[in-house]
Every structure is written in structure tokens, then in C-alpha cells.
Amino acid sequence: MLFAPYPVPDPTEATAVTVLKHEPSTTVERLGGSGSDAIVRKTYRVLGVRWLQSLWRPSRAQREHDHLVAIARAGVPCLQALRWSAVRRLGGFRSSTIETRFLADAVPLKQVLQRLPRTGRDRARPELARAMGELVALLHRAGFLWCTPMPRNVLVLGEPAAARLAVCDTPAVVATGRALHGGRLARIDLFLGAFSPSRRADWSATERLRWLLGYCRGDRPAARALWRVMVRRRPWQNELERALAMAFLTYVAGWLRLGPGRRG
């Protein structure tokens with residue numbers, strides 16, 4: 001199955017293939033050179049019992065593609081999705097592939113944070129924290145629950161101090177159809193993005209406050225109110241709420257939206 005919303009270069013015509021990442025479940029390749037005409041191809045392999053999950057869901061590549069297209073239409077900076085394909089296996093999927101435009105000046109936020117010094121004189125880290133909060137806020141105002149707002153799923157475009165960010169990984173996104181900003185569902189992303197144990201290792205307390213200020217458009221009382229909620233939140237609580245929200249919004253609510261006449 002192949003979906004192409006508009007003409008894109010044929011990857012079979014690429015003059016070079018560069019492997020950017022290779023793991024048992026995922027391979028990421030760059031097709032062509034390193035210019036703006038290059039393509040990034042991500043292939044996801046469905047291993048073990050995950051095949052059972054693929055029986056009742058679209059492939060991971062299709063989900064990621066469709067989410068990126070919807071996010072771009074909402075005006076949120078993200079990768080440009082080109083097309084997806086999938087290989088079926090007994091009603092489920094064996095593998096799926098998504099192709100996106102290559103961004104020559106983009107680096108994952110995770111790598112940028114690892115390189116930046118943790119000193120009070122460096123302005124890039126606070127600016128990146130603020131920009132990360134702003135990016136999550138854009139998604140929430142557009143009705144998207146990200147579910148994986150981690151630095152590895154964000155690209156830094158150009159110089160870190162300029163703090164230009166873009167969403168790059170979206171297979172777990174849920175489109176709720178209503179604004180989430182500051183609400184109960186939003187807390188799932190806020191905790192994962194700035195207050196989980198892993199994110200406390202990425203961001204200092206000052207940077208986490210900047211993160212929330214970015215989310216709240218500089219409203220300090222609102223940011224501090226969210227801070228008080230976040231510091232009381234526990235990882236197990238957040239993971240439980242995320243699992244329940246994803247299950248309900250992905251399966252139950254989607255099934256209900258079909259209506260009796262469209263369920264067969």
C-alpha cells in the first residue's frame with residue numbers, strides 16, 4: 001500500500017544510501033546526497049508479539065505520516081511527510097516505511113543537550129527549554145496529545161541559541177478534536193516533557209520553569225500553578241493516565257465516532 005499526496009522523488013533513483021541508524025526494529029536511511037532534495041526513509045519492523053497489535057491498528061509508518069500531515073496543517077513546525085508504505089502479514093504488518101524530506105541543518109534536541117555546557121552563562125539551554133514548552137503548547141492548542149514529547153523526538157533547526165524546533169516523531173500522537181492546553185490531559189505531556197526522572201536529568205529546575213513559561217506564553221502565575229501540580233505527580237500515575245488516555249482516544253472514541261451505521 002502506498003500513499004503519496006503529491007509528486008516526490010523516486011527513492012529507487014537515489015544515487016546514494018547512507019544508513020543513519022540501524023536497530024533490530026528500526027532502520028533510518030538517507031537517500032541521495034545531503035542537500036534539500038534528499039529523503040529520509042525510516043523502516044519499522046514488527047517483531048514478536050507486537051504483530052498482534054498491528055491486527056487492529058494502521059501501521060506505524062501510516063500513523064506517523066498521517067499525524068505529521070495533520071500537525072503541519074495545524075501550523076505546527078514539523079517534518080514534511082512524503083509517503084508511506086507497508087508490508088502485510090496475515091492481516092497484520094511485517095514492516096512499514098515512511099519517507100520525509102531531509103533537513104540538512106537539523107539535529108535531534110537530545111544530541112544538542114548532550115553537547116551544551118551546563119553553566120549559568122550559556123543561553124542556549126534556557127532558550128531551548130522555552131521553545132520546547134512553546135512547541136508542546138502549539139500541539140495542545142491544536143488538539144494533539146503528543147504522548148512522546150521527549151528530546152529525541154524534536155529537531156533543532158540551525159544554531160541552538162536561535163531555538164527553532166520542529167516535531168519529528170509522532171506515531172503515538174492522538175488527535176482529540178478539541179484544545180487541550182492547560183487541561184488534565186495536557187499534564188501527561190507536561191510531565192513527560194519536563195518533569196519525569198529522565199527529563200529532570202536533561203533540564204535544571206530553572207530550565208524546567210522556562211519550559212513551563214514557554215508553554216504558558218510567559219504567564220508566571222499560570223506556570224507556577226502548573227509547577228505545583230507537576231512536582232506532585234508520580235511516574236506511575238502519569239504512565240497509567242497516558243495508557244488509559246491512548247486506549248480510550250485511539251480505540252473507544254474512534255469506534256464511537258464511526259456511528260452504528262458505519263461499524264458494519
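Keep in mind that the numbers below use all heavy atoms, side chains included, and drop hydrogens, waters and symmetry copies. On a predicted model such as this, the values are computed, not experimentally measured, just so you know.
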Exercise. Search all heavy atoms of Val231 against all heavy atoms of Arg228 and return the closest pair with its distance.
Key: CG2-O, 3.4 Å

Quiz item: Roughly how far apart are Thr43 OG1 and Glu29 CD, rounded to 0.5 Å?
Solution: 6.0 Å

Quiz item: Val87, Val46: one ILVMFWY side-chain cluster at the under-4.5 Å cut-off?
Solution: no

Quiz item: Can you find a heavy atom in the side chain of Leu135 that is under 4.5 Å from one in the side chain of Pro77?
Solution: yes

Quiz item: For Asp189 and Thr148, which heavy atoms make the closest approach, and how far apart are they?
Solution: OD1-N, 4.5 Å

Self-check item: Approximate separation, where rounding is to 0.5 Å, of Thr100 OG1 and Lys42 NZ
Solution: 6.5 Å

Quiz item: Which salt bridge (charged side-chain N to carboxylate O under 4.0 Å, His left out) pairs, counting each pair once, include a residue from residues 209-223, with sequence neighbours left out?
Solution: Glu127-Arg210

Exercise. Could you check Val167 against Phe144 for side-chain contact (heavy atoms from CB on, under 4.5 Å), going step by step and ending with a plain yes or no?
Key: CA-CA 12 Å; Val167 176; Phe144 296 103; over 6 Å; no

Quiz item: Does Met230 belong to the same Ile/Leu/Val/Met/Phe/Trp/Tyr cluster as Leu180, with side-chain heavy atoms less than 4.5 Å apart forming each link?
Solution: no

Self-check item: Check against side-chain contact (heavy atoms from CB on, under 4.5 Å), Glu159 and Asp105
Solution: CA-CA 9 Å; Glu159 290 298 318; Asp105 63 344; over 6 Å; no

Quiz item: Can you check side-chain contact (heavy atoms from CB on, under 4.5 Å) on Arg60 and Arg63, steps first, answer last?
Solution: CA-CA 5 Å; Arg60 178 170 179 173; Arg63 298 197 310 271; 4.0 Å; yes

Quiz item: Rounded to the nearest 0.5 Å, what separation is found between the CZ atom of Arg73 and the SG atom of Cys78?
Solution: 11.0 Å

Exercise. Determine the minimum heavy-atom distance between Arg125 and Pro117, stating which atoms define it.
Key: CD-O, 3.3 Å

Exercise. Would you give the length of the straight line joining atom CZ of Arg164 to atom CG of Leu128, rounded to the nearest 0.5 angstrom?
Key: 12.0 Å

Quiz item: Going by side-chain heavy atoms closer than 4.5 Å, which hydrophobic residues are tied to Val19, directly or by a chain of links?
Solution: none

Quiz item: Of all heavy-atom pairs between Ser85 and Ala61, which one has the smallest distance, and what is that distance?
Solution: O-CB, 4.2 Å

Self-check item: Whichever hydrophobic residues join Leu155 through chains of side-chain contacts under 4.5 Å
Solution: Tyr44, Leu68, Leu79, Ile98, Leu103, Leu157

Quiz item: In terms of hydrophobic clustering (I, L, V, M, F, W, Y; side-chain heavy atoms under 4.5 Å; direct or indirect links), are Trp227 and Val229 co-clustered?
Solution: yes

Self-check item: Spacing of Met132 atom CE and Glu207 atom CD [to the nearest 0.5 Å]
Solution: 13.5 Å

Practice problem: State whether the side chain of Arg123 and the backbone N or O of Ala161 hold a donor-acceptor pair below 3.5 Å, judged by distance alone. | Solution: no

Practice problem: Starting from the C-alpha separation in whole Å, work towards a yes-or-no answer on side-chain contact (heavy atoms from CB on, under 4.5 Å) for Arg130 and Leu213. | Solution: CA-CA 7 Å; Arg130 176 194 55 76; Leu213 284 169; 5.9 Å; no

Identify every side-chain donor-acceptor pair in residues 190-198 under 3.5 Å, counting partners at least two apart or on other chains, and give the distances.
residue : atom : partner : partner atom : Å
Ser196  : OG   : Arg199  : N            : 3.3

Quiz item: Taking His181 for the side chain and Tyr215 for the main chain, is one N or O donor matched with an acceptor at less than 3.5 Å?
Solution: yes

Quiz item: In the single-linkage hydrophobic clustering (I, L, V, M, F, W, Y; side-chain heavy atoms under 4.5 Å), do Leu226 and Trp203 co-cluster?
Solution: yes

Quiz item: At their closest point, which heavy atom of Trp146 faces which heavy atom of Asn153, and how far apart are they?
Solution: CZ2-O, 3.6 Å

Quiz item: How many angstroms lie between CD in Gln62 and NE2 in His67, if you round to the nearest 0.5 Å?
Solution: 9.5 Å

Quiz prompt | Ile188-Trp211 co-clustered via ILVMFWY side chain contacts under 4.5 Å | solution = no

Exercise. Return the set of residues passing salt bridge (charged side-chain N to carboxylate O under 4.0 Å, His left out) with Arg242 (not counting sequence neighbours), or none when no residue passes.
Key: Glu239

Quiz item: Would you say Thr170's side chain and Glu64's backbone share a donor-acceptor pair under 3.5 angstrom?
Solution: yes

Self-check item: Over all atoms of both residues, closest heavy-atom pair of Ala186 and Gly182
Solution: CB-N, 3.8 Å

Practice problem: Kindly write out the residues that satisfy salt bridge (charged side-chain N to carboxylate O under 4.0 Å, His left out) with Arg233, not counting sequence neighbours, or none if the list is empty. | Solution: Glu241

Practice problem: Go through the side-chain N and O atoms of Arg45 and Thr27 and say whether any donor and acceptor fall under 3.5 Å apart. | Solution: yes

